[in-house]
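Reminder, nothing fancy here: chain letters follow the sequence lines and each chain counts from 1. What you see below is based on every heavy atom in this structure, not just the backbone, and it leaves out hydrogens, waters and symmetry mates. These numbers were taken from a predicted model, which means no experiment stands behind them.
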Number of protein chains: 2
Amino acid sequence: MSTMHDVAQRAGVSPKTVSRVVNGESGVSERTRRKVDAAIAELDFRPNPIARNLRTGRTGLVGLALPHLSQPFYAELAEAIMREAERHDLTVLTELTGGVAEAELALVSEHGPYLAGLLMYPVGLSDEQARSVAQAVPTVFMSERAYEAPVDRVAMANREGVRAMVSHMASLGYTRIAALGADHTGRPERAAAHLRLDGYRDGLSDAGLPYLPELVCEVGTPDWDRQHGAEATRGLIERGVPFDALVAFADALALGALHAVQEADLTIPDQVAVAGFDDLDDARYACPSLTSIAPGTAQIAREALALLNDRMALTAPQNTGRLVVADFDLMARESTLGGVAAWRTA
Amino acid sequence: MSTMHDVAQRAGVSPKTVSRVVNGESGVSERTRRKVDAAIAELDFRPNPIARNLRTGRTGLVGLALPHLSQPFYAELAEAIMREAERHDLTVLTELTGGVAEAELALVSEHGPYLAGLLMYPVGLSDEQARSVAQAVPTVFMSERAYEAPVDRVAMANREGVRAMVSHMASLGYTRIAALGADHTGRPERAAAHLRLDGYRDGLSDAGLPYLPELVCEVGTPDWDRQHGAEATRGLIERGVPFDALVAFADALALGALHAVQEADLTIPDQVAVAGFDDLDDARYACPSLTSIAPGTAQIAREALALLNDRMALTAPQNTGRLVVADFDLMARESTLGGVAAWRTA
DNA sequence: TTGTAGGCGTTATCAG
DNA sequence: CTGATAACGCCTACAA
């Protein structure tokens, strides 16, 4: 590994001049610059980032904090972010928090001082904790929950997405549309559930349909997975509440619902239409393929890194948080439209 | 951020003594050590890893190179590795290679000198390239392909796993067992396909069943996904080849097969039993739930980090590669055993 | 058992 | 436009 010193000697200049060239600073004659560039190429010199960081205090390291990777939604988000970070020449340091505030905070106290920025999908963080995280390191949260703190955040179109989904179903003639994934605890970390329920009400009201509490299903846990989706759907069926459509607040729930509905020998979508939210790969490949809201993961990644860049450059407003809501897409598939094997060519 | 210097002043000793205490070196009196520890606690001092690294050349950074994260198998592997790395107090720097040799090599030339170690799931790397990667940085490959180079590798029980699966099916009375995912190009990067096909032949031979080429399906691409699994299965059905069981070399293929088989109005497992390999979450939750080989992801992560630790400590033999094959588990579920909705409580 | 001197590779400061 | 000098925070080598 050659150093700046080596390059300087070879080019017959001082190390500082090499530094200037490497960092594209002005105030170097064209002739000198060429000499230095040649020496750099000959020695295959690459600046040592560690030494640079020691001197400047800045790193090109960005932390990415996610609850899990084994849930496809997070994995797909992580992939989008890593690809985007690459475009910004940032190195990503991924940490799994398990959705526990403790771990979310530990990341900051552990690596915080040596991170140029942090992208976090927070779950357990309180308002106060979110503020202190953002104070310790330039941070962008990806979260459906609004924090009472001046922090940057990228969110999905939770409310508008579900609203559009209910409208979609209503326009297809469904009138008894159930909701799956509601939360009545009111706990702030369940914001996604609250917003999506709001969207559900909006959609009903747009269509002139009544809001019927008996069609609104809670899911036992905050874990929106297939199993709980199936259980809740079975409950709905067993209670004998008539319904002809089901909007789940997450694809995993919807996939479970698909299972439970078919188990009960109801046909999809003739007797019951089903839809989800997240547009996981699994949705496209489900059987029948699942109508879902695509939350714009790629856009979320793009916006998150754009916001973070501002923060890191201190270009961003200091005492106020910014919010970006990504555009959504309604992916209509067999579970509401009918047809067969659309994913043969999906 | 306080420095060793600050701590030294506060404790009334020299910086070197603080260094000794921090690094647990011997040759410090109990009294001094206590004074220093107290000062460290009071100032909440934490050694600056960047400065340390600059001096020692060592980092606690381990690279993790995977083709994708959007395929559940890789995401589950990544999660297992990150959790294991945490136990070793290593920080993981994840890079996505897309399975392209170019990107796999770029990671090394980019971050190589500043990585303490590298865990790579290589796809495009040639023998020669694998050797040069391992030479540049302590490396453990997670790969089914054997390299002609002295590199450490953790692999799955490809052959034994499929063999066991075929035996499982034969013991249930199936006699015309098809294979899905074979590769006849012989290209070394398709080693998993080759080994699993070997296991398929072993299993047939164990059961006294003939090997019938017409029951062996290739998949168009190296991408083992649902779509290709479904297509190949449709082909098999359309060709009119009688078969009563199907061993897919990956769960994604098997999930596609599940779809195609049901599409053809064949019942599972009565008319056709289906099984996969990987034991994805999706397998447990498929409909019917999918019998599969669990490749021991947790063990793979453990072994990979154990091997890497040796390499990094230079404890490992220098001119020879080590191979660890993880134990597998046959997860028998509805797609071969029958029964209904086992995953209700899975 | 403890301390001093020096340098890892880079960049900031200031002088030329 | 260019260069000398010092410093970032830590650790190695050697001395006391």
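- Annotation for Glu102(A): atom CD does not count as buried by contact number, only 12 or fewer foreign heavy atoms lying within 6.0 Å.
- Proximity note for Thr56(B) (side chain, C-beta onward) versus dT12(D), dT2(D), dG3(C): the nearest is dT12(D).
- Whole-Å rounding puts the Gln9(B) CD to dG3(C) P distance at 13 Å.
- Other residues, nucleotides and ligands contribute only 12 or fewer heavy atoms inside 6.0 Å of the NE2 atom of His5(B).
- When distances are taken from the side chain of Val28(B) to each of dC11(D), dC8(C), dT2(C), the shortest belongs to dT2(C).
- The distance from atom CZ of Arg33(A) to atom P of dC1(D) is 10 Å, rounded to the nearest whole Å.
- You won't find any donor-acceptor pair under 3.5 Å spanning the side chain of Arg55(A) and the base of dG9(D), going by distance alone.
- Counting any heavy atom pair closer than 4.0 Å across all strands shown, Pro47(A) reaches sugar-phosphate atoms only and no base atom.
- Other residues, nucleotides and ligands contribute at most 12 non-hydrogen atoms within 6.0 Å of the CD atom of Glu148(B).
- A sub-4.0 Å separation between OP1 or OP2 of dG9(C) and a side-chain N or O of Thr3(A) is absent.
- Here dT1(C) presents its P atom at 11 Å from CD of Glu30(B), a figure rounded to the nearest Å.
- Across dC11(D), dT2(C), dG9(D), the shortest atom-to-atom separation from the side chain of Arg20(B) is found for dT2(C).
- As rounded to whole Å, 8 Å separates atom P of dG9(C) from atom CG of Asp6(A).
- Between dC8(C) and Asn53(B), no contact under 4.0 Å exists linking OP1 or OP2 to a side-chain N or O.
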Start with the C-alpha gap between Thr297(B) and Glu76(B), add the side-chain angles, then the distance that decides, and say whether side chain to side chain donor-acceptor pair (under 3.5 Å) holds.
-> CA-CA 8 Å; Thr297(B) 310; Glu76(B) 292 181 15; 5.4 Å; no

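- In this structure, Pro49(A) reaches neither bases nor backbone, as no heavy-atom distance under 4.0 Å exists between it and the strands shown.
- The side chain of Thr32(B) places an N or O atom within less than 4.0 Å of a non-bridging phosphate oxygen (OP1 or OP2) of dT2(C).
- Classified by interplanar angle (parallel below 30°, tilted 30° to 60°, perpendicular above 60°), the ring pair Phe141(A)/Tyr147(A) is tilted.
- Atom-to-atom, NZ of Lys16(A) to P of dA6(D) comes out at 16 Å; the value is rounded to the nearest Å.
- Per the geometry, CG belonging to Asn48(B) stands 18 Å off P belonging to dC8(C), to the nearest Å.
- Residue Thr17(B) places no side-chain N or O under 4.0 Å from the OP1 or OP2 atom of dT2(C).
- Within 4.0 Å (heavy atoms only), Val22(A) reaches no atom of the nucleic acid at all.
- The minimum heavy-atom distance linking Thr139(B) with Asp152(B) is given by the pair O-CB, 4.0 Å.
- Rounded to an integer number of Å, the gap from Arg52(A) CZ to dG9(D) C1' is 18 Å.
- For dC11(D), the OP1/OP2 oxygens have a side-chain nitrogen or oxygen of Ser19(B) closer than 4.0 Å.
- Remark: Ser29(A) is in phosphate contact with dT2(D), judged by side-chain N or O atoms under 4.0 Å from OP1 or OP2.
- Distance, Met4(A) CE to dC8(D) P: 19 Å, rounded to whole Å.
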